[in-house]
Participant: 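Have a look at this one before I ask anything.
What you see below is based on every heavy atom in this structure, not just the backbone, and it leaves out hydrogens, waters and symmetry mates. Every chain is numbered from 1, with letters handed out A, B, ... down the list of sequences.
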Amino acid sequence: MALRVYNTMSARKEEFTPVEEGKVRLYVCGITAYDYCHIGHARANVVFDVISRYFKWLGYDVNYVRNFTDIDDKIINRANELGMDSRELAEKFMTAFDEDMRALNCDSPTNQPKATENIDQIIDLIEGLIAKGLAYESEGDVYYAVRGFPGYLKLSKRNMDEMIAGARIAPGEQKKDPMDFALWKAAKPGEPQWNSPWGAGRPGWHIECSAMSMRYLGESIDIHGGGKDLIFPHHENEIAQSEGATGKPFARYWMHNGFVNVDQEKMSKSLGNFFTVREILEKYDPEVLRFFILSVHYRSPIDFSEKNLEDARHGLIRFYEALKLVEELAAVSESESSADSISDEDEKAWEPAANMLDNFREAMNDDINTALALGNLFEAVRAVNRVVAEKKGEGNPEWLKRLKEFHSRMLDVGRVLGLFQSSPEAWLNSMKTSGLEEAGLSVERIEALIEERKAARKDKDFARADAIRDELAEKGIVLLDSPQGTTWKKK
RNA sequence: GGCCCCGUCGCCAAGUGGUAAGGCAGAGGUCUGCAAAACCUCCAUCACCCGUUCGAAUCGGGUCGGGGCCUCCA
């Protein structure tokens with residue numbers, strides 16, 4: 001099955017065919033740099049990171065552009081509140097954003113342009129729109145005359161007249177029509193400003209994306225992405241600007257990710273249920289957060305809660321336990337090859353693992369269904385665990401080869417998802433040691449107790465042995481006995 | 001008021017015409033001194049009603065419930 005993606009414009013899944021064969025031009029709206037990024041940003045960027053990686057995995061040459069909005073009312077206001085220079089403020093949060101993305105294992109886009117580095121392109125674009133009669137200057141501001149663009153609202157499928165009732169004109173705006181929006185804003189004294197044909201000022205909210213998309217990707221691109229909340233007005237305005245200026249289709253596919261809710265409610269500052277990525281990463285492993293995000297289809301709402309994150313953590317542990325098991329078996333079995341090939345009946349047991357790549361591709365081809373893809377991977381894990389548990393074909397070369405195949409395929413699809421790349425041993429270790437202090441424990445203390453219990457068990461003093469285990473269990477530590485000795489993990 | 005989305009097992013979540021993936025939790029079993037992990041087995045007819053169809057969780061209409069956008073927002 002060919003790759004199909006849901007296109008907001010047509011409101012259906014469409015087969016993906018790029019503007020230019022073998023290449024993908026992808027533009028995703030980035031952040032306005034006036035605060036730390038939150039879990040909603042994390043979701044959007046993880047989702048498009050996976051989309052970009054998947055296209056690469058399919059062999060496309062991907063040009064992924066994600067902008068920074070580093071000049072905007074919100075930045076100016078926040079800088080004023082803090083008594084900071086607005087440029088400094090923007091720098092600080094752009095750096096923080098990059099750090100957060102790195103923590104979440106998001107690859108850097110091909111280009112990460114900033115609005116302030118594209119002022120000339122923005123001015124050119126606005127001049128072009130004025131020349132075409134689609135924009136007009138008004139007391140140092142420039143507005144887009146929305147009535148002049150026939151396709152306006154085609155993405156959000158709204159009705160202009162019905163919207164006007166609710167529209168409002170902000171003080172100081174000199175619009176001819178309430179639906180018009182600002183392309184350029186005259187600077188107030190003391191505000192950051194650039195010279196323009198209309199006097200000193202700065203770009204409006206939407207024009208930068210049109211300018212940067214065109215500069216870095218061309219007049220027509222393949223995919224334009226962002227959160228659902230950007231459909232109106234941001235993306236609608238981008239279409240008006242870009243298509244108004246070029247007369248060409250702006251983007252072939254519009255992809256929008258769903259919202260993040262917190263405990264069933266929309267995350268918002270007014271509700272006080274607002275989490276930054278940094279806050280979450282203090283408590284949770286970044287890979288767990290990433291896994292959680294990918295466990296839901298990108299267009300569905302996702303509910304962020306302790307319980308759901310904890311479930312995700314257990315799920316990821318299952319994957320790493322399996323990888324660890326396979327690595328250990330592969331290492332031990334290296335030298336002892338015996339027996340012949342695998343039996344026909346065992347062939348069936350291996351099936352989910354053998355079909356991993358096909359199943360993965362099929363799930364991802366259906367509008368990047370990462371939730372299904374992960375479900376399929378869980379099945380492959382179970383198949384492998386089962387084969388190992390039943391000791392079928394243990395030690396024979398074919399068996400070993402398949403274990404290794406499973407392992408390399410896990411890492412292969414894991415690279416697309418941005419998961420499973422840590423050393424299982426180290427990752428599982430970090431899982432068990434995090435949060436020990438809060439429980440009033442240390443690794444040394446636990447190991448001392450294990451030693452004591454070992455002695456007790458040797459003396460068949462099981463009462464004492466169990467008491468030690470129960471004591472640790474109360475603090476969330478589980479002991480695991482094996483022929484090689486006793487290890488432990490966090491519940 | 002306008003536009004739009006959703007309602008699948010205790011929780012999370014795939015599935016959008018062919019007879020319900022997966023994870024977490026839970027029950028029983030194998031293993032174990034006892035446990036844990038792993039494995040095996042078990043655990044839903046898809047909010048409700050009425051239609052279309054040989055056949056519907058999937059299509060249409062209605063009811064109830066939840067949510068979003070229309071203002072900066074991923």
Side-chain angles (χ1 to χ4, degrees), chain A residues 11 13 28-32 34-35 37-48 72-74 77 153 156-159 161-168 170 205 225-234 256-261 264-269 291-292 295-303 305 307-319 321-322 324-325 352 359 363 366 369-391 457 460-463 465-466 469-470 473 477-483 486-489 491:
Chain A
K13 290 180 195 172
V28 177
C29 294
I31 56 154
T32 297
Y34 75 109
D35 206 344
C37 71
H38 58 245
I39 181 168
H41 297 112
R43 183 182 197 190
N45 286 291
V46 165
V47 162
F48 284 101
D72 176 84
D73 289 351
K74 289 193 291 290
N77 293 340
L153 304 183
S156 56
K157 296 159 187 67
R158 296 169 198 277
N159 177 294
D161 295 321
E162 282 167 355
M163 290 191 70
I164 288 184
R168 60 187 190 200
W205 307 312
K228 268 189 163 79
D229 48 349
L230 295 180
I231 294 171
F232 183 88
H234 188 61
H256 294 99
N257 63 275
F259 290 124
V260 175
N261 295 141
Q264 320 270 31
E265 284 185 299
K266 186 191 172 182
M267 181 173 73
S268 76
K269 283 184 175 167
F291 182 87
F292 167 67
S295 69
V296 177
H297 183 88
Y298 76 92
R299 283 191 285 121
S300 302
I302 188 170
D303 189 45
S305 68
K307 164 79 166 59
N308 291 344
L309 226 47
E310 197 51 34
D311 283 356
R313 200 179 131 254
H314 282 116
L316 226 207
I317 286 174
R318 187 168 164 80
F319 279 110
E321 295 272 13
K324 179 164 171 253
L325 175 72
N359 291 340
D366 186 12
N369 195 336
T370 55
L372 215 209
L374 287 174
N376 292 339
L377 292 183
F378 272 116
E379 292 196 67
V381 164
R382 177 148 43 82
V384 167
N385 278 335
R386 181 180 185 171
V387 169
V388 170
E390 293 174 352
K391 300 189 185 306
R457 289 177 77 203
K460 302 267 187 240
D461 181 2
F462 294 121
D466 289 350
R469 190 173 59 205
D470 292 344
I477 301 302
V478 184
L479 297 183
L480 297 80
D481 294 332
S482 82
T486 300
T487 56
W488 58 278
K489 61 181 268 188
K491 177 77 177 161

Participant: What nucleotide, of B:C72, B:A21, B:C34, holds the atom closest to the side chain of A:E379?
Facilitator: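 The closest nucleotide is B:A21.
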Participant: C1' atom, B:C48 versus B:C43: distance in rounded Å?
Facilitator: 24 Å
Participant: So A:T486 and A:D481, side-chain hydrogen bond (donor to acceptor under 3.5 Å, both in side chains) or not? Walk me through it.
Facilitator: CA-CA 4 Å; A:T486 300; A:D481 294 332; 2.8 Å; yes
Participant: Expressed as a whole number of Å, how far does the P atom of B:C73 sit from that of B:G10?
Facilitator: 40 Å
Participant: What integer number of Å spans the P atoms of B:C64 and B:C72?
Facilitator: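 It works out to 33 Å between them.
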Participant: Suppose we screen for side chain to side chain contact (heavy atoms under 4.5 Å, CB included). Which residues come up paired with A:S295, at least two apart in sequence or across chains?
Facilitator: A:F292, A:L374
Participant: State which residues pass side chain to side chain contact (heavy atoms under 4.5 Å, CB included) with A:S300; sequence neighbours excluded, sorted by chain then number.
Facilitator: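 A:S300 satisfies side chain to side chain contact (heavy atoms under 4.5 Å, CB included) with A:V296, A:H297 once adjacent residues are dropped.
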Participant: Does the side-chain ring of A:F462 sit on the six-membered ring of the B:G33 base, less than 5.5 Å centre to centre and under 30° in tilt?
Facilitator: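 It does: the two rings, one from A:F462 and one from B:G33, meet the stacking criterion.
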Participant: Mind checking the P distance from B:G62 to B:G68? Whole angstroms is fine.
Facilitator: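 Straight-line distance between the two P atoms is 23 Å.
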Participant: Sequence neighbours left out, what passes salt bridge (charged side-chain N to carboxylate O under 4.0 Å, His left out) with A:E379? Give chain and number order.
Facilitator: none
Participant: Please name all residues satisfying side-chain hydrogen bond (donor to acceptor under 3.5 Å, both in side chains) with A:K307, sequence neighbours left out, ordered by chain then number.
Facilitator: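 Residues passing side-chain hydrogen bond (donor to acceptor under 3.5 Å, both in side chains) with A:K307: A:D311.
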Participant: Once Watson-Crick and G-U wobble pairs under 3.5 Å are found, how is RNA chain B written in dot-bracket notation, 5' to 3', with | for any base paired to another strand?
Facilitator: ((((((((.[[[..)..(...]]].(((((.......)))))....[[[[[..)....]]]]])))))))....
Participant: To the nearest Å, how far apart are A:D481 CG and B:G33 P?
Facilitator: 9 Å
Participant: Enumerate the protein-to-nucleotides 2-7 of chain B contacts in which both atoms are nitrogen or oxygen and the separation is below 3.5 Å.
Facilitator:
unit_1: B:G2; atom_1: O2'; unit_2: A:E162; atom_2: OE1; d: 2.5

Participant: Once side chain to side chain contact (heavy atoms under 4.5 Å, CB included) is applied, do any residues pair with A:L230, and if so which ones, sequence neighbours excluded?
Facilitator: A:C29, A:H234, A:H235
Participant: Quick test: give all pairs of protein nitrogen or oxygen and nucleotides 8-14 of chain B nitrogen or oxygen below 3.5 Å, distance rounded to 0.1 Å.
Facilitator:
unit_1: B:A14; atom_1: OP1; unit_2: A:H297; atom_2: N; d: 2.7
unit_1: B:A14; atom_1: O3'; unit_2: A:N369; atom_2: ND2; d: 2.9

Participant: Tell me every residue that passes side-chain hydrogen bond (donor to acceptor under 3.5 Å, both in side chains) with A:T487, counting only those two or more places apart in sequence or in another chain.
Facilitator: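 Listed in chain order: nothing, the list is empty.
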Participant: Look at the side chain of A:H41 and decide which nucleotide, out of B:U16, B:A74, B:A38, has an atom nearest to it.
Facilitator: B:A74
Participant: Under the side-chain hydrogen bond (donor to acceptor under 3.5 Å, both in side chains) test, which residues partner A:N45, sequence neighbours left out?
Facilitator: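 Result, side-chain hydrogen bond (donor to acceptor under 3.5 Å, both in side chains) vs A:N45: A:R66.
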Participant: Could you measure between the two P atoms, the one in B:U53 and the one in B:U58, and give it in whole Å?
Facilitator: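 It comes out at 16 Å once rounded to the nearest Å.
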Participant: Applying side chain to side chain contact (heavy atoms under 4.5 Å, CB included), name anything that partners A:L372, two or more places apart in sequence or on another chain.
Facilitator: A:A363, A:N369, A:N376
Participant: How far does the P atom of B:G28 sit from the matching atom of B:C9, given to the nearest Å?
Facilitator: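 Per the computed distance, 24 Å lies between those P atoms.
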Participant: Going by side-chain hydrogen bond (donor to acceptor under 3.5 Å, both in side chains), name the residues that satisfy it together with A:K74, two or more places apart in sequence or in a different chain.
Facilitator: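 Once residues adjacent in sequence are excluded, A:K74 has no partner under the side-chain hydrogen bond (donor to acceptor under 3.5 Å, both in side chains) criterion.
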